[in-house]
Amino acid sequence: MTTPRSASKDFIREIIDEDLNSAKHDGTVTRFPPEPNGYLHIGHAKSICLNFGIAQEYDGRCHLRFDDTNPAKEDTEYVDSIKEDIHWLGFDWGDHLYFASDYFEKLFEWAVHLIENGKAYVDDQSSDEMRSGRGDLQNPGTDSPFRNRPLKENLDLFDRMRAGEFKDGEKVLRAKIDMAHPNLNMRDPVIYRIVHTEHHRTGDTWCIYPMYDFTHGQSDALEYVTHSLCTLEFENHRPLYEWFLENLPVPSRPRQIEFSRLSLNYTVMSKRKLLQLVEENYVSGWNDPRMPTISGIRRRGYPAEAIRNFCKTIGITKFKSTNDISLLESSVREVLNADASRFMAVLKPLKVVITNYPEDQVEQFDAVINPEKPELGTRKVPFSRELFIEQDDFMEDAPKKFFRLTVGKEVRFRCAYWIRCNEVIKDDDGNVTELRCTYDPETRGGENPPDGRKVKATIHWVSADHALDAEVRLYDRLFNTESPDSGDSNFLEHLNSDSLEILPAAKLEPNLADVAVGETVQFERLGYFCVDIESSDESPVFNRTVGLRDSWAKAKPKS
RNA sequence: AACUCCAUGGUGUAACGGUAGCACAACAGAUUUUGGUUCUGUUUGUCAAGGUUCGAAUCCUUGUGGAGUUGCCA
């Protein structure tokens, strides 16, 4: 057709193109269907970007539909957090907010329709009996003794199930398909079960609830969804999805397409495991900055744009891949490098006294806000006689490739002066406590001196009198093995005990007082940091979002 | 020894029977008032064996390896 094959499309978008070209549908409708039983994680972000992204690209729409068919697990708390997370990611469902529970009456009607057509029956067996009757992977199942119950009896019993005459588990409604089907999902699947539990939206209106399989396709059909995109584990459910659409008077015919879910190394993604990390206090909560949840990522300072870009790069396939966390971090750095304002901050302070600098003098130096965006201009940074530098920027016995400060050597203090270290002061234990240095007035602003001498390093600093005290939290990967999820061992055994390092006494450039929660900035030479939600004016707290690439860290000899 | 699906550098992902490309990672070098950024270059790949074809990552067969499925969860 005329569609240019410029950028390559994933197999789902190709299917949509074909459907559009063959005029199978006159528009494209997708949906994101979370169950409100937990917090969204980055795996959901992949699905959100796919579904809402397609809606944008094809000028269609994407519905947000809560798949709330299991009252025992679900709660409004989750509904709210899911909405917030989707909005944060930059997507919107407009007027198209739906709940599967809105369709309970319709689904009930359709169940009756099935019974009336001899395609569903009430089964009195216990779940154990049903399990053994189902057969297994190698062997066919056997028919339930209740399979050929008279139509009227089925109708009566199903009504009485709805009326609440039976206890949980006493009876179920089953689709009558084929107990010998090679696909276990087709062996007379349960479509309604009795649950006497209050539902977060319908309260106690119902005590029977439709199963996922009896809900999802019909909900898609009711909403005129054209492409129902889900993850690979629903592949075996597709025949059932289609069976219901074929045997029910549905208003439209959606198509289910499966793709591979997202997995990342050095983390876990399953709801159960994330819940365990929270409940057993291995992390501070669902929004702990180390968590792969959307709320954790947001608190960590990852920009939504970076998540969207990441989802674009990893693509959509049916191959069960594991993505490298460095790909995510690279997306984060790419966005932040372009957007983040630069500041100076000293994480582990070492005192420096400029002995030839006047005691009461303060100079305000101009520093570029963001070299990627020169139009943003400069900020003023105060310089004075007593400063802090990073402990890592000084070494007494420095190896050849160490470009930073050491006794007798000179470095540039960013935007200020060239500084030479003359003397090291130590405490009784031999720890370095202070550096005595001199500055060269001819290098004002950090300029090269007229004599043409060179310097190998530029380091950051903060004026002692002007510094803001802050706590800085450094995060590392939560697990120290690539796939803590797999294998026989308990994933908790692979927890990285150093995943959180708190630096209680960081010294910040005073301009950092104006940074708002939710904004991520660069601490020059260190990384990207954001103000934590626990921060206050009196005691600021910063999170390290991600470090800068650090070729020195890789090159330096191990201590 | 059921059914369904999957297999391209270290990790992802393109190539729709016609030059195996891109990103990340790694490694060099250049630039740099961030050991950042940017730029240049290098290394590494079609699971295997047959077949069809002038030509196969792509189509066919068989193997091998992996995943999912035996909830009244979704």
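Throughout, a chain's letter reflects where its sequence line sits, starting with A, and its residues are numbered from 1. In what follows, every heavy atom counts, from backbone to side chain, and hydrogens, waters and symmetry copies are set aside.
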Where do N or O atoms of nucleotides 69-71 of chain B meet protein N or O atoms at under 3.5 Å, pair by pair?
from, atom 1, to, atom 2, distance (Å)
B:rU69, O4', A:Asn236, ND2, 3.2
B:rG71, OP2, A:Arg134, NH2, 3.0

With a 3.5 Å cut-off and no angle check, do the side chains of [X] and [Y] form a donor-acceptor pair?
{"X": "A:Asn265", "Y": "A:Thr322", "result": "no"}
{"X": "A:Gln256", "Y": "A:Tyr241", "result": "no"}
{"X": "A:Asn51", "Y": "A:Ser47", "result": "yes"}
{"X": "A:Asn370", "Y": "A:Glu372", "result": "no"}
{"X": "A:Glu410", "Y": "A:Tyr439", "result": "no"}

Secondary-structure stems, RNA chain B, at least 3 Watson-Crick or G-U base pairs under 3.5 Å: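 Correct response: B:2-7 with B:64-69, B:10-13 with B:21-24, B:26-30 with B:38-42, B:47-51 with B:59-63.
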Any A:Lys554 side-chain N or O less than 4.0 Å from OP1/OP2 of B:rC27: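 For B:rC27, OP1 or OP2 has a side-chain N or O of A:Lys554 closer than 4.0 Å.
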How about [X] and [Y]: are their ring centres within less than 6.0 Å of each other?
{"X": "A:Phe104", "Y": "A:Tyr209", "answer": "yes"}
{"X": "A:Phe343", "Y": "A:Phe529", "answer": "no"}
{"X": "A:Phe244", "Y": "A:Phe214", "answer": "yes"}
{"X": "A:Phe479", "Y": "A:Tyr266", "answer": "no"}
{"X": "A:Phe158", "Y": "A:Phe108", "answer": "yes"}

Residue met sooner reading RNA chain B from 5', once A:Arg549 and A:Thr313 are mapped to nucleotides: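 Checking each residue's closest nucleotide, the 5'-ward one belongs to A:Thr313.
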Residue closer to the 5' end of RNA chain B, A:Pro210 versus A:Gln522 (nearest nucleotide):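 Nearest-nucleotide comparison on RNA chain B picks A:Gln522.
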Let's see if you can work this out: which of [options] has an atom nearest to the side-chain heavy atoms of [X]?
{"X": "A:Arg193", "options": "B:rU11, B:rC24, B:rC73", "result": "B:rC73"}
{"X": "A:Leu548", "options": "B:rC3, B:rA23, B:rU34", "result": "B:rU34"}
{"X": "A:Ser321", "options": "B:rA14, B:rU37, B:rU13", "result": "B:rU13"}
{"X": "A:Val172", "options": "B:rC72, B:rA2, B:rA25", "result": "B:rC72"}

Rounded off to whole Å, could you give me the [atom1]-to-[atom2] distance for the [X] and [N] pair?
{"X": "A:Asp485", "N": "B:rA67", "atom1": "CG", "atom2": "P", "answer": "13 Å"}
{"X": "A:Asn448", "N": "B:rU33", "atom1": "CG", "atom2": "P", "answer": "7 Å"}
{"X": "A:Leu262", "N": "B:rU11", "atom1": "CG", "atom2": "C1'", "answer": "13 Å"}
{"X": "A:Trp461", "N": "B:rU33", "atom1": "CH2", "atom2": "C1'", "answer": "13 Å"}
{"X": "A:Lys454", "N": "B:rU32", "atom1": "NZ", "atom2": "C1'", "answer": "13 Å"}
{"X": "A:Glu329", "N": "B:rU11", "atom1": "CD", "atom2": "P", "answer": "18 Å"}
{"X": "A:Tyr121", "N": "B:rC72", "atom1": "OH", "atom2": "C1'", "answer": "13 Å"}

Gap between atom CZ of A:Arg31 and atom CG of A:Leu229 - 0.5 Å precision: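 One finds 6.0 Å between CG of A:Leu229 and CZ of A:Arg31.
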Strand-adjacent residues in residues 330-346 of chain A, judged by heavy atoms under 4.0 Å from RNA chain B: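 When residues 330-346 of chain A is checked for heavy atoms under 4.0 Å from RNA chain B, the hits, listed by number, are A:Ser330, A:Asn337, A:Arg342.
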Ring-on-base stacking B:rG35 with A:Trp552 (under 5.5 Å, under 30°):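 Yes, A:Trp552 stacks on the base of B:rG35, since the ring centres sit under 5.5 Å apart and the planes are within 30°.
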Under the side-chain hydrogen bond (donor to acceptor under 3.5 Å, both in side chains) test, residues paired with A:Tyr212 that sit two or more places apart: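 With sequence neighbours excluded, A:Tyr212 shows a side-chain hydrogen bond (donor to acceptor under 3.5 Å, both in side chains) to no residue whatsoever.
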N/O donor-acceptor pair under 3.5 Å between A:Asn511 side chain and A:Lys380 backbone: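 Answer holds: yes.
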Neighbour count >12 (heavy atoms, 6.0 Å) for atom CZ, A:Arg261: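 No, the 6.0 Å shell around CZ holds no more than 12 heavy atoms from other groups.
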Side-chain donor/acceptor of A:Arg525 to base of B:rG35, under 3.5 Å: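 Answer is no: no donor-acceptor pair is held.
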A:Phe99 six-ring centre to A:Arg201 NZ/CZ under 6.0 Å and within 45° of normal: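 Satisfied, under 6.0 Å and within 45°.
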Residue pair A:Asp75, A:His200: steps toward the side-chain hydrogen bond (donor to acceptor under 3.5 Å, both in side chains) verdict: CA-CA 6 Å; A:Asp75 198 277; A:His200 64 106; over 6 Å; no
Short N/O separations, protein against nucleotides 40-46 of chain B, under 3.5 angstrom:
none

4.5 Å side-chain heavy-atom contact, A:Arg255 and A:Ser228: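 Not touching, per the 4.5 Å side-chain cut-off.
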Whole-angstrom distance between B:rG68 and B:rU53, as gauged at atom C1':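 The same atom, C1', in both gives a distance of 36 Å.
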Write out a two-atom table: protein N or O, nucleotide N or O from nucleotides 5-9 of chain B, distance below 3.5 Å.
from, atom 1, to, atom 2, distance (Å)
B:rC5, O2', A:Glu235, OE2, 3.2

